[in-house]
Amino acid sequence: MLRLPRLDVLMPATLDEAVLALQSPGSRLIAGGTDLLPNLKHRLESPTMLVSLAGVRELSTITVDDDAQELVIGAGATLTTVEQCPQVRAHAPSLCSAAGLVASPLIRNQATLGGNVNLDTRCRYVNQTDFWRSAIGGCIKSEGTVCHVVPGGKNCVAAMSSDCVPVLISLGASLQLVGPNGRRRVAMKDYYVADGTRHTTREDGEVTTAVIVPLVSTPRRAGYSKWTVRGSIDFPLTSVALCFDLERDEVAAPIAGATVVVGVLGAKPRVVTRLDEVVGKSLSDPETAAIVAERVHRQCKPLANVPYEAPYRRQMLRVHTRRAIEALVADG
Ligand SMILES: Cc1cc2nc3c(=O)[nH]c(=O)nc-3n(C[C@H](O)[C@H](O)[C@H](O)COP(=O)(O)OP(=O)(O)OC[C@H]3O[C@@H](n4cnc5c(N)ncnc54)[C@H](O)[C@@H]3O)c2cc1C
Ligand code: SF4
């Protein structure tokens, strides 16, 4: 059995108290704990105090701000709440799908959206016990100096494996953060960086307080595809989020804009480029799915950082992109 190290736990009741507590040396933020606690058991981090957000009620609300035309999802909302919330379903249905595909019902009841967007990167060589890692001498992200995924590589390329992040980037979402230096907002596409050891631009002591999704008045079709071997529990082996703005509210209408975001490559999700070719075509035109799937395949090269052979995952990415578009068309 893997045991947790000895730790103090602080339960602030307000955001201000949480931000203050996080300024103590050795403190670490915990929300649902479904990612952090396994990492602590694997001795991937060694904080001396956990600052829990469980008692900070102000972080759990989900509202529609009609003036700003935004859906504001508190970082403390659980993934079950996000999946089932009528307002999220109305304005960001692809986020409901992604939240509902995370892990298992029990984990989704505990896990928060704030934890999901701040999920640590994952790698088959590091998400192991310290005993296992000691057999290979650790790596850049743990106790060693080399990378086992890219031999000779100087940077960690562990994978961003959150289900919600690619979807939120495809919807143009941003994060609200509060820290010792005040409040700021950052577009999610700019929040992640390509360094698996520290993959976000979150400053020390900052708390994500909300995920903000802009509301759109134009017709849209958006979806998410995640490939795993088992039907539940597993992290994604490939993931792709798609968002198409349409000129009319039907799948046969011309596409006005397309955004496709791919996860589980490296530490930063990849926004696929050169999709202009599908603008003006319809979603229901089979050529659209073929073009998008080809762009994804050309631009995205999975690494051997998570299980299953990287070339096979690359093929699967193309297949699942095409199927995701076909599913959007079938849904009408
Ligand atoms: C068996 C298993 C399967 C899983 N499968 C999936 C999966 O398929 N897809 C997936 O996406 N995830 C998966 N996870 C990971 C995890 O359950 C989810 O990502 C979850 O949403 C994390 O949220 P949490 O509240 O539990 O985060 P925590 O574990 O509490 O925190 C995760 C990280 O985020 C930071 N953090 C938490 N809240 C905030 C905040 N408000 N502001 C700033 N930083 C914050 C913490 O400090 C920590 O670094 C799985 C986990 C397990 C154990
Ligand atoms: S990508 Fe390389 S450095 Fe990063 S966790 Fe994996 S083996 Fe370690």
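Both ligands and their constituent atoms are indexed starting at 1 by order of listing. Heavy-atom basis, side chains included; hydrogens, waters and symmetry copies ignored.
- Close approach of ligand 1 to L79 is summarised as follows: ligand atoms under 4.0 Å from at least one heavy atom of the residue are 21 (O).
- Salt-bridge annotation for K141 and D120: present, with a side-chain N of the basic residue lying under 4.0 Å from a carboxylate O of the acidic one.
- Listed by number with element, the atoms of ligand 1 under 4.0 angstrom from any heavy atom of R28 are 47 (O), 49 (O).
- If you look at I107 next to ligand 1, the close heavy atoms, those under 4.0 Å, all belong to the side chain.
- Those atoms of ligand 1 that come under 4.0 Å of a heavy atom in S162, given as number and element, are 11 (O).
- In this structure, L71 is a member of the same hydrophobic cluster as M188, with clusters built from ILVMFWY side-chain heavy atoms closer than 4.5 Å.
- Using a 4.0 Å heavy-atom cutoff, N305 is absent from the residues neighbouring ligand 2.
- Atom 8 (Fe) of ligand 2 has its closest protein heavy atom at C139 SG, 2.3 Å.
- The two residues G153 and C147 have their closest heavy-atom pair at O-CB, 4.2 Å.
- Under a cut-off of 6.0 angstrom, the local environment of CZ in R184 is crowded, with over 12 non-hydrogen atoms contributed by other residues, nucleotides or ligands.
- Among the atoms of L29, some N or O lies under 3.5 angstrom from an N or O of ligand 1.
- Using cut-offs of 30° and 60° for the angle between ring planes, the W227 and Y312 rings count as perpendicular.
- Ligand-side atoms of ligand 2 in range of C123: 1 (S), 5 (S), 6 (Fe), 7 (S), range being under 4.0 angstrom from any heavy atom.
- Of the polar atoms of A75, none of the N or O atoms is found under 3.5 Å from an N or O of ligand 1, judged by distance alone.
- Neither the backbone nor the side chain of D120 comes within 4.0 Å of ligand 1, counting heavy atoms alone.
- Of the protein's non-hydrogen atoms, H148 N, 3.4 Å is the one closest to atom 7 (S) of ligand 2.
- Below 4.0 Å from some heavy atom of V126 lie the following atoms of ligand 2, by number and element: 5 (S).
- Ligand 1 is approached by K226 to a heavy-atom distance shorter than 4.0 Å.
- Of the possible donor and acceptor atoms, one in the side chain of R133 sits under 3.5 Å from a partner among the backbone N and O of H42.
- Close approach of ligand 1 to A31 is summarised as follows: ligand atoms under 4.0 Å from at least one heavy atom of the residue are 25 (O), 30 (O), 37 (C), 38 (N).
- T273 and Q299 share a side-chain donor-acceptor pair at under 3.5 Å.
- At a heavy-atom distance under 4.0 Å, only backbone atoms of S161 (N, CA, C or O) approach ligand 1.
- With hydrogens and angles disregarded, a donor-acceptor distance shorter than 3.5 Å links the side chain of N305 to the backbone of L265.
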Worked verdict on V51 versus V207 for side-chain contact (heavy atoms from CB on, under 4.5 Å):
CA-CA 11 Å; V51 178; V207 179; over 6 Å; no
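- The single protein non-hydrogen atom nearest to atom 28 (P) of ligand 1 is G33 N, 3.5 Å, given as residue, atom name and distance.
- Residue C164 has no nitrogen or oxygen atom sitting less than 3.5 Å from a nitrogen or oxygen atom of ligand 1, judged on distance alone.
- Geometrically, ligand 1 and E206 share no nitrogen or oxygen pair separated by less than 3.5 Å.
- The closest protein non-hydrogen atom to atom 3 (C) of ligand 1 is I233 O, 3.0 Å.
- Looking at N109 and T78, their side chains never bring a donor and an acceptor atom within 3.5 Å of each other.
- Atom 50 (C) of ligand 1 has as its closest protein heavy atom F235 CZ, 3.2 Å.
- In this structure a side-chain-to-backbone donor-acceptor pair under 3.5 Å is present from H199 to L119.
- Remark: I255 CD1 to S284 OG distance equals 8.5 Å, nearest 0.5 Å.
- For ligand 1 and L53, the ligand atoms under 4.0 Å from any heavy atom of the residue are 40 (C), 41 (N).
- The backbone N or O of V278 lies less than 3.5 Å from no partner atom in the side chain of T288, so there is not a single donor-acceptor pair.
- With contacts defined as side-chain heavy-atom distances shorter than 4.5 Å, the pair L101/Y224 qualifies.
- When non-hydrogen atoms are compared, ligand 2 lies under 4.0 Å from the backbone of I140 as well as from its side chain.
- The side chain to side chain contact (heavy atoms under 4.5 Å, CB included) with L50 is formed by just one residue from the set L36, L29, L10; it is L36.
- The residue from D163, T208, T34 that puts a heavy atom closest to atom 42 (N) of ligand 1 is T208.
- Within ligand 1, the atoms closer than 4.0 Å to a non-hydrogen atom of L36 are 29 (O), numbered from 1 in the order shown.
- Remark: ligand 1 and P236 share no N or O pair separated by less than 3.5 Å (distance only, no angle test).
- Side-chain contact between D35 and R122: present, with at least one pair of heavy atoms (C-beta onward) separated by less than 4.5 Å.
- Taking every non-hydrogen atom of G32 and a distance limit under 4.0 Å, the qualifying atoms of ligand 1 come out as 24 (P), 25 (O), 26 (O), 30 (O).
- Checked by distance only, ligand 1 and A103 come closer than 3.5 Å through their nitrogen or oxygen atoms.
- In terms of protein heavy-atom proximity, atom 4 (Fe) of ligand 2 is nearest to C156 SG, 2.4 Å.
- Shortest non-hydrogen contact noted between E70 and L215 is N-CG, 3.7 Å.
- For atom 18 (C) of ligand 1, the closest non-hydrogen atom of the protein is N116 ND2, 3.6 Å.
- Annotation: atom 36 (N) of ligand 1 to nearest protein heavy atom, N118 CB, 3.9 Å.
- Contact analysis leaves G196 out of contact with ligand 2, as no non-hydrogen atom separation drops below 4.0 angstrom.
- Side-chain contact between Y125 and I140: absent, with no pair of heavy atoms (C-beta onward) separated by less than 4.5 Å.
- Among the backbone and side-chain atoms of C147, no N/O/S atom is found under 2.8 Å from atom 6 (Fe) of ligand 2.
- Counting only heavy atoms from C-beta outward, the side chains of V264 and T238 never approach each other to under 4.5 Å.
- For atom 27 (O) of ligand 1, the closest non-hydrogen atom on the protein side is G115 CA, 3.4 Å.
- Contacts of D234 with ligand 1, taken as heavy-atom pairs under 4.0 Å, involve the backbone alone.
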